[in-house]
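Below is one structure, written out as structure tokens, with a few remarks after it.
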Amino acid sequence: MPDPVPDTGVRTPVGVDTTRASISRVYDYSLGGKDNYEVDRYVFHKLCEVAPRQADVSHMNRRWLHRVVRYLTTEAGIDQFLDLGAGLPTALNTHTVAQRENPEARVVYVDNDPVCHIHGRVLLETNPNTRYVLADLTKPEALLRHPDITNHLDLNRPIALILCGILHHVDDGLNPAAITRRYIDSLVPGSFLAITHFWDPDDASDAHHLARELQRKFTETGLGSGWYRTRRQILDYFSDLEIVAPGLVELDDWWPAGPAVRPRLLEERLILGGLAYKPRPERLVPMVVR
């Protein structure tokens, strides 16, 4: 089980406070963005003391999201996306990938940080099929009743719910598995759930030791959240949904764009991703793994 840590993270967004590191701004910096401050850069460099190539993990996570959205838009025929914990807008967002394949695809981004909300609204003000909503993903019932969501998405039709790189910032006291269960119960059959999450192999390996050290860095150097959980814990977030092949795997094992050009970094092994499906009897179900 994760070590006891302060009750922080997603529950208390930083907002405009430039003296505290922000999850979204640290991630922005790791992707090479410019919407960050010295405190965010300081925290990320502290992480890099134990994981020098942690920026590669952020880029890998982004590539995984692109592949999943492309699959959902093309092969699965999904035209509605609800992206929770979306953070600051960066290059090639969910709507960019989805609308490249289907210009009519509708996307709603959600974050509880008012700074992300402001940046998102400015970026998307000329895109009629995309919205950015200020709401708390840890309160599913309220979020799913938000008028900016219900007026833009038809929740009586299949959607793709995206939780990419955010649940590891939800502390155990909030019960992330119960939160995702409530979202899953609200999804109509034919919907999908996509998750990436920091992973602790929970064994005697070098990967396990690095996961524990990274968790300590995330939670004690100013960011306040970033938990590395076991495969079993992450699988629980999918509840009883059907996991699409190849399953819950290291990100570059999920239908990579081509062969690897270098050995996988230890840092890159410590995050898993999966896509799951809520079956409906009237159509074929994607190939699944048990």
Side-chain angles (χ1 to χ4, degrees), residues 1-11 21-31 40 43-65 68 83-87 111 137-138 162-177 179-180 193-203 205-238 243 247-254 264-276:
M1 294 295 292
D3 297 331
V5 294
D7 184 15
T8 57
V10 166
R11 185 178 292 180
S22 155
I23 295 167
S24 56
R25 295 195 310 252
V26 171
Y27 186 55
D28 173 75
Y29 178 62
S30 73
L31 289 169
D40 307 301
V43 167
F44 187 72
H45 289 306
K46 294 300 285 185
L47 295 173
C48 290
E49 289 178 356
V50 296
R53 300 286 293 274
Q54 189 67 16
D56 291 84
V57 178
S58 298
H59 287 282
M60 181 181 64
N61 188 58
R62 204 72 183 171
R63 292 193 303 270
W64 182 91
L65 174 64
V68 166
D83 189 338
L84 305 185
D111 204 281
L137 71 85
T138 68
I162 297 174
L163 290 159
C164 188
I166 188 61
L167 288 174
H168 48 236
H169 292 296
V170 179
D171 62 73
D172 285 345
L174 290 171
N175 196 344
I179 290 170
T180 59
L193 171 63
I195 293 174
T196 63
H197 195 294
F198 292 156
W199 175 45
D200 178 0
D202 196 27
D203 54 22
S205 66
D206 290 342
H208 165 69
H209 292 299
L210 179 58
R212 305 309 292 175
E213 184 61 15
L214 274 168
Q215 177 170 291
R216 188 184 67 81
K217 289 284 189 180
F218 268 107
T219 58
E220 296 179 6
T221 57
L223 195 59
S225 66
W227 290 278
Y228 284 71
R229 295 182 171 118
T230 67
R231 179 183 295 272
R232 180 68 262 169
Q233 288 173 305
I234 301 168
L235 277 172
D236 285 345
Y237 300 153
F238 292 99
I243 307 281
L248 181 65
V249 295
E250 294 177 28
L251 299 194
D252 277 353
D253 289 334
W254 201 94
R264 190 167 301 169
L265 303 169
L266 189 58
E267 295 96 318
E268 292 174 322
R269 292 194 51 220
L270 299 179
I271 184 168
L272 301 181
L275 179 69

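Here, residue 1 is the first one in the sequence, and each next residue gets the next number. For clarity, every value in this text was computed on a predicted model and none was experimentally measured.
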Does [X] reach the main-chain N or O of [Y] with its side chain, forming a donor-acceptor pair under 3.5 Å?
X	Y	value
R229	L167	yes
R63	L251	no
D40	V43	no
H197	I234	no

Measuring from atom [atom1] of [X] to atom [atom2] of [Y], what distance do you get when rounded to the nearest 0.5 angstrom?
X	Y	atom1	atom2	result
R62	H59	CZ	NE2	10.5 Å
R212	L210	CZ	CG	11.5 Å
T180	L193	OG1	CG	7.0 Å
Q233	H168	CD	NE2	14.0 Å

Exercise for the section: Can you establish whether the number of heavy atoms outside N175 located under 6.0 Å from its atom CG is more than 12? Expected result: yes

Exercise for the section: Determine, for D253 against R264, whether the closest basic-nitrogen to carboxylate-oxygen distance falls under 4.0 angstrom. Expected result: yes

Handout entry: From F198, Y27, W227, residue fulfilling ring pair (Phe, Tyr, Trp, His ring centres under 6.0 Å) relative to F218
Key =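 Going through the options one by one, the only one that passes is F198.
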
Determine the minimum heavy-atom distance between [X] and [Y], stating which atoms define it.
X	Y	value
A51	L214	CB-CD2, 3.8 Å
L248	R231	O-NH1, 2.6 Å
D171	P176	O-CD, 3.7 Å
S30	A55	O-CB, 3.5 Å
C48	Q54	SG-CB, 4.4 Å
R269	E250	NE-OE2, 3.3 Å

Handout entry: Check: D200/H208 side-chain N/O donor and acceptor closer than 3.5 Å
Key = yes

Practice task
Look at the aromatic rings of F44 and Y29 and report parallel, tilted or perpendicular, splitting at 30° and 60°.
Solution key: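 F44 and Y29: perpendicular rings.
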
Practice task
May I have the step-by-step check of side chain to side chain donor-acceptor pair (under 3.5 Å) for D202 and T230, ending in yes or no?
Solution key: CA-CA 6 Å; D202 196 27; T230 67; 5.7 Å; no

Handout entry: Any I162 side-chain heavy atom under 4.5 Å of L65 side chain
Key =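 Yes; the side chains approach each other to less than 4.5 Å.
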
Handout entry: Heavy-atom side-chain proximity of W254 to L275 below 4.5 angstrom
Key =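 In short, these two side chains touch, coming nearer than 4.5 Å.
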
